[in-house]
Amino acid sequence: MKQRLFASLAVRLVISHLIVGALSVGLIASIAGHFILETGRREIENIYEDTAFLIGNDLEVPLILYVDEGKVVNEQILALMNHSLTGRGRVGYSIYLADGAVFMGNENLDPAAPIMPEVKIALSGMDGESIRDNLAGEETFFVAVPIKHQDKLYGALRFAVVYDDYLGATYQTLYLLCFTSILLLIGIGVGSWWFSRTISQPIHDLTVVAIRMSNGELQARAMPKGPQELQQFAATFNMMAGYLQTNMEGLRAFVANASHELRTPLTAIRLHVDALAEGAVAEPEVAMRFLGQLQSEIERMNRTVNDLLDLSRIEANRGRIEMEELDLRDILQETRDFWRVRSQQAAIELRLSLPSINPTIFGNEDQLRRVINNLVDNAIKHTPANGWVEISLFSLVQRGVMRIEVRDSGVGIPAEYLARIFERFYRAEVPHDLKTSGSGLGLAIAKSIVEAHNGRIGVSSLVGVGSTFWVELQIRQVPSFDRKTIPIRG
Ligand code: ADP
């Protein structure tokens with residue numbers, strides 16, 4: 001549990017913010033605290049330096065009277081000290097004579113104790129200062145000033161001020177500083193928790209959506225929120241999810257269609273085999289007819305399975321197909337030659353129209369032949385006798401593409417079917433006398449191949465007038481051109 005808590009992004013962010021916050025607040029607070037404390041101490045020192053100087057001056061007269069004239073001045077000095085020190089905090093004072101003997105004071109000093117350094121300095125005629133612990137172990141500021149008159153030294157006055165007695169207000173300021181720092185750290189913690197949640201929450205939401213999707217809920221989508229990068233991530237994630245959903249649904253439909261396409265000939269085969277087993281085999285004429293039908297159903301199944309395999313191979317190898325520089329004129333001429341006999345048998349005129357010089361394209365020859373053959377095959381299949389089919393090549397240099405068109409004067413395709421004509425297993429309704437036995441995969445394969453070449457494929461058609469299927473492929477190299485038409489009577 002402990003490990004999981006520290007593994008969480010939000011907690012890690014909060015901890016790192018708190019560390020940085022504590023270091024900076026601590027550093028600022030300690031610098032400020034040090035400054036405040038030093039200022040407080042300096043103030044005390046200044047006050048008592050001045051006070052010692054002033055009272056030292058006031059002590060000149062009584063000490064002259066005592067030293068030079070032998071008068072008793074204790075009461076006078078006591079009154080002076082009481083007057084000068086009333087209203088201040090605890091302060092120790094001692095008055096020394098020029099020989100270093102303690103004359104008076106409120107500190108009860110040991111007369112046998114050695115003379116303190118600051119007093120020694122004062123007795124040498126200068127102001128002396130020292131900071132050290134007093135007998136009670138408290139840090140104390142000692143300041144001593146000489147008492148002189150016309151260059152004659154009469155003695156010295158020393159003050160002992162315990163810092164802590166005077167730093168109450170400074171300590172309060174320091175406590176306030178500590179309190180503010182703690183408040184600031186709590187603020188950093190709360191702010192950082194909120195900030196971390198704006199990062200960790202969208203990631204958590206995305207994880208939940210990913211889990212839902214992996215449990216089969218393909219329509220689940222993430223809500224773009226949080227920082228810009230995470231919003232972009234969520235949008236991209238949704239795009240990927242949409243793509244996945246479409247593909248999965250397409251795949252399901254594809255499997256359902258494929259099963260259906262295979263089940264139809266299988267059912268027919270089973271029925272014919274059952275009929276043969278139940279006695280039809282004994283009647284040679286019926287048996288021959290059934291065998292013929294069996295053969296055509298098996299061929300149909302074979303064609304469908306082969307097309308399915310080809311389609312999945314093309315889809316799997318997208319982006320990895322071998323390409324070379326191709327002159328489409330050669331391919332179209334050979335296609336025309338290949339379909340010549342078939343079109344003649346169907347009494348269809350097969351025309352070919354090519355530009356004399358044409359730009360080359362980059363592609364896989366076998367696959368492009370397959371596309372063109374499929375279009376020509378379809379055109380011939382859907383054109384009644386005495387019609388025509390024209391294969392044309394255009395070089396649309398401005399648009400950077402070569403355009404192949406296969407036009408026919410056939411039955412045409414109703415507008416409502418046009419949009420779906422390139423879908424797998426989709427077959428438009430065709431007049432009964434033209435019913436063909438295709439797998440419904442030819443155009444899907446053609447589309448897949450063209451898209452693998454980064455090209456486009458499309459169709460326009462009018463019922464009773466004919467159809468035009470077109471393919472556009474990107475040009476690789478451009479020479480000059482003129483056009484010629486080679487009609488071939490079927
Ligand atoms: P099939 O193997 O059935 O020919 P395709 O994918 O090649 O499958 O074609 C799909 C459907 O498109 C065909 O069944 C047909 O209805 C229609 N079609 C294709 N080409 C033509 C055309 N030139 N004229 C009329 N209909 C066509």
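Bear in mind the structure is a predicted one, so any value in this text is a computation, not a measurement. Every number for a ligand or one of its atoms is a count from 1 in the order of the listing.
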Mode of D408 contact toward ligand 1 - side chain, backbone, both, neither (heavy atoms, under 4.0 Å): side chain
G410: heavy atom below 4.0 Å from ligand 1, yes or no? no
For I298, does its backbone N or O pair with a side-chain atom of N302 as donor and acceptor, under 3.5 Å? no
Atoms of ligand 1 under 4.0 Å from any heavy atom of N374, numbered from 1 in the order shown, are 7 (O)
Tell me if the centroids of the rings in Y166 and F141 come within less than 6.0 Å of each other. no
Salt-bridged, R369 to D377, with N to O below 4.0 Å? no
Using a 4.0 Å heavy-atom cut-off, which part of Y417 comes near ligand 1: side chain, backbone, both, or neither? neither
Ring centers of H260, F425 separated by less than 6.0 Å: no
Test item: N364 side-chain N/O and E322 main-chain N/O as donor-acceptor pair under 3.5 Å: yes
Is it the side chain (CB and beyond), the backbone, both or neither of L375 that lies under 4.0 Å from ligand 1, heavy atoms counted? neither
Nearest heavy atom to atom 1 (P) of ligand 1, choosing from A444, G440, S461, belongs to G440
Side-chain (T383) to main-chain (I380) donor-acceptor, under 3.5 angstrom: no
Atoms of ligand 1 less than 4.0 Å from K381 heavy atoms? 4 (O)
Nearest to atom 5 (P) of ligand 1 by heavy atom, L443, V389, I413, V463: which? L443
A student comparing I445, L418, N378, V459 should find that the heavy atom closest to atom 4 (O) of ligand 1 comes from N378
4.0 Å heavy-atom contact, F422 with ligand 1: no
Indicate yes or no: does R42 engage E45 in a salt bridge with an N to O separation below 4.0 Å. yes
